[in-house]
Amino acid sequence: MTVFTEGGLEITFNNVLDVRKFEDHGLTIMKAVDFLVELPDRYLFIEFKDPEDSGAFPVNADPVQAFRRGELDQDLKYKYRDSFLYEWATGKADKPSYYYVLVALRWLSTAHLTRRTAALKQALPVGVPSEWVRSIVSDCGVFNIASWNRNFPDYPVQRLP
């Protein structure tokens with residue numbers, strides 16, 4: 001079991017081969033996801049956005065409208081691409097990769113999460129175009145805390161007091 005905090009959130013990783021706080025790797029000219037998890041058959045690239053605790057959205061932006069307008073989409077896309085490229089260039093991207101984003105806003109509905117997931121899938125792109133030998137990302141998803149904990153019971157997240 002490994003526990004990390006990111007802003008006002010705490011995540012516990014159980015049953016993983018390795019986990020590291022990836023954004024601390026000094027990618028000065030590249031964006032980086034928060035965590036990189038290695039499982040026997042895949043890698044998980046994980047990004048947390050917590051507008052209740054940090055500057056996840058532009059200053060003076062209404063987080064509700066910013067999220068609905070997809071203002072995070074470009075940032076999320078580049079965080080994954082740069083992190084994957086770094087891993088690939090160091091010879092470590094040798095398993096399928098998955099990208100999961102936790103947006104810690106209580107009011108997010110399933111419809112909000114579905115729209116943001118679809119936009120992220122289109123931006124990355126998910127899957128293997130016909131001319132590629134392998135994919136950049138096998139799948140991705142956007143979650144709130146409740147949906148994260150339902151989908152990833154081995155990696156529970158809680159808000160710190």
Side-chain angles (χ1 to χ4, degrees), residues 2 4-7 9-27 29-51 54-57 63 66-105 108-129 132-157:
T2 304
F4 285 104
T5 59
E6 179 68 23
L9 302 172
E10 179 181 85
I11 184 167
T12 303
F13 291 99
N14 298 298
N15 305 317
V16 300
L17 295 179
D18 187 37
V19 61
R20 55 194 156 122
K21 197 158 187 176
F22 193 66
E23 70 180 357
D24 293 341
H25 276 66
L27 302 177
I29 63 168
M30 302 172 86
K31 292 184 172 280
V33 297
D34 293 316
F35 305 102
L36 182 57
V37 179
E38 183 178 2
L39 301 173
D41 61 341
R42 72 186 74 173
Y43 292 105
L44 307 180
F45 291 75
I46 298 173
E47 175 66 19
F48 279 11
K49 290 294 185 188
D50 186 9
S54 67
F57 293 91
F67 184 82
R68 286 181 178 154
R69 287 190 302 263
E71 291 179 14
L72 283 180
D73 293 355
Q74 289 299 309
D75 183 55
L76 295 174
K77 172 179 76 174
Y78 289 117
K79 281 181 175 269
Y80 177 77
R81 283 187 181 176
D82 286 359
S83 299
F84 176 82
L85 181 60
Y86 179 88
E87 287 295 288
W88 175 82
T90 59
K92 297 177 189 165
D94 56 351
K95 301 176 191 178
S97 298
Y98 294 76
Y99 182 34
Y100 299 125
V101 178
L102 173 85
V103 180
L105 291 171
L108 292 177
S109 69
T110 301
H112 291 120
L113 298 170
T114 300
R115 279 194 296 278
R116 296 286 42 98
T117 296
L120 191 57
K121 284 182 178 189
Q122 187 174 18
L124 286 176
V126 170
V128 182
W132 291 8
V133 176
R134 63 183 281 213
S135 84
I136 292 173
V137 62
S138 296
D139 201 8
C140 66
V142 180
F143 304 86
N144 59 21
I145 293 174
S147 64
W148 179 276
N149 288 333
R150 277 192 309 275
N151 284 279
F152 305 107
D154 282 342
Y155 323 121
V157 171

- [ ] Please identify each residue that fulfils salt bridge (Lys or Arg N to Asp or Glu O under 4.0 Å) with Glu38, with sequence neighbours left out.
- [x] Lys95
Open item on the list: Suppose we screen for salt bridge (Lys or Arg N to Asp or Glu O under 4.0 Å). Which residues come up paired with Asp139, at least two apart in sequence or across chains?
Closed with: Lys121
Open item on the list: Looking at Asn144 and Val103, would you say the former's side chain and the latter's main chain have a donor-acceptor pair under 3.5 Å?
Closed with: no
Task: Any donor-acceptor N/O pair, Thr117 side chain to Val142 backbone, under 3.5 Å - done: yes
- [ ] Heavy atoms only: give me the nearest Asp50-Ala104 pair and the separation to one decimal.
- [x] OD1-CB, 3.6 Å
Task: Ser138 to Val126 - nearest heavy-atom pair and separation - done: O-CG1, 3.2 Å
Answer whether the closest heavy-atom distance between the side chains of [X] and [Y] falls below 4.5 Å.
{"X": "Cys140", "Y": "Val101", "result": "no"}
{"X": "Phe13", "Y": "Val37", "result": "yes"}
{"X": "Leu39", "Y": "Leu17", "result": "no"}
{"X": "Leu120", "Y": "Asp73", "result": "no"}
{"X": "Phe84", "Y": "Val137", "result": "no"}
{"X": "Trp148", "Y": "Ile46", "result": "yes"}
{"X": "Leu113", "Y": "Thr110", "result": "no"}
{"X": "Leu102", "Y": "Ile11", "result": "no"}

Open item on the list: Can you tell me which residue among Lys79, Lys21, Arg81 is in a salt bridge (charged side-chain N to carboxylate O under 4.0 Å, His left out) with Glu47?
Closed with: Lys79
Open item on the list: Under a 4.0 Å threshold between the charged nitrogen and the carboxylate oxygen, would Asp75 count as salt-bridged to Lys31?
Closed with: yes
- [ ] Look at Arg20 together with Glu87 and state whether they make a salt bridge at an N to O cut-off of under 4.0 Å.
- [x] yes
TODO: Applying ring-ring contact (aromatic ring centres under 6.0 Å, His included), run through Phe45 and Tyr99 and close with a yes or a no.
DONE: CA-CA 5 Å; Phe45 291 75; Tyr99 182 34; 7.4 Å; no
- [ ] With side-chain contact (heavy atoms from CB on, under 4.5 Å) as the test, would you mind laying out the steps for Tyr80 and Leu124 before giving the verdict?
- [x] CA-CA 8 Å; Tyr80 177 77; Leu124 286 176; 3.9 Å; yes
Open item on the list: Rounded to the nearest 0.5 Å, what separates atom CG in Leu44 from atom CZ in Arg42?
Closed with: 7.0 Å
- [ ] Using a cut-off of 6.0 Å, state whether more than 12 heavy atoms not belonging to Gln122 lie near its atom CD.
- [x] no
TODO: Could you pull out all residues at least two apart from Asp94 that satisfy side-chain hydrogen bond (donor to acceptor under 3.5 Å, both in side chains)?
DONE: Tyr43
- [ ] Go through the structure and list residues passing side-chain hydrogen bond (donor to acceptor under 3.5 Å, both in side chains) with Thr90, not counting sequence neighbours.
- [x] none
- [ ] Apply ring pair (Phe, Tyr, Trp, His ring centres under 6.0 Å) to Phe4 and list each qualifying residue two or more places apart in sequence or on a separate chain.
- [x] Phe35
I'd like a table of donor-acceptor pairs (distance under 3.5 Å, sequence neighbours excluded) in which one partner is a side-chain atom from residues 149-156, with atom names and distances.
unit_1, atom_1, unit_2, atom_2, d
Asn149, OD1, Val157, N, 2.8
Asn149, ND2, Ile145, O, 3.4
Asn149, ND2, Val157, O, 2.9
Asn151, ND2, Ser147, O, 2.7

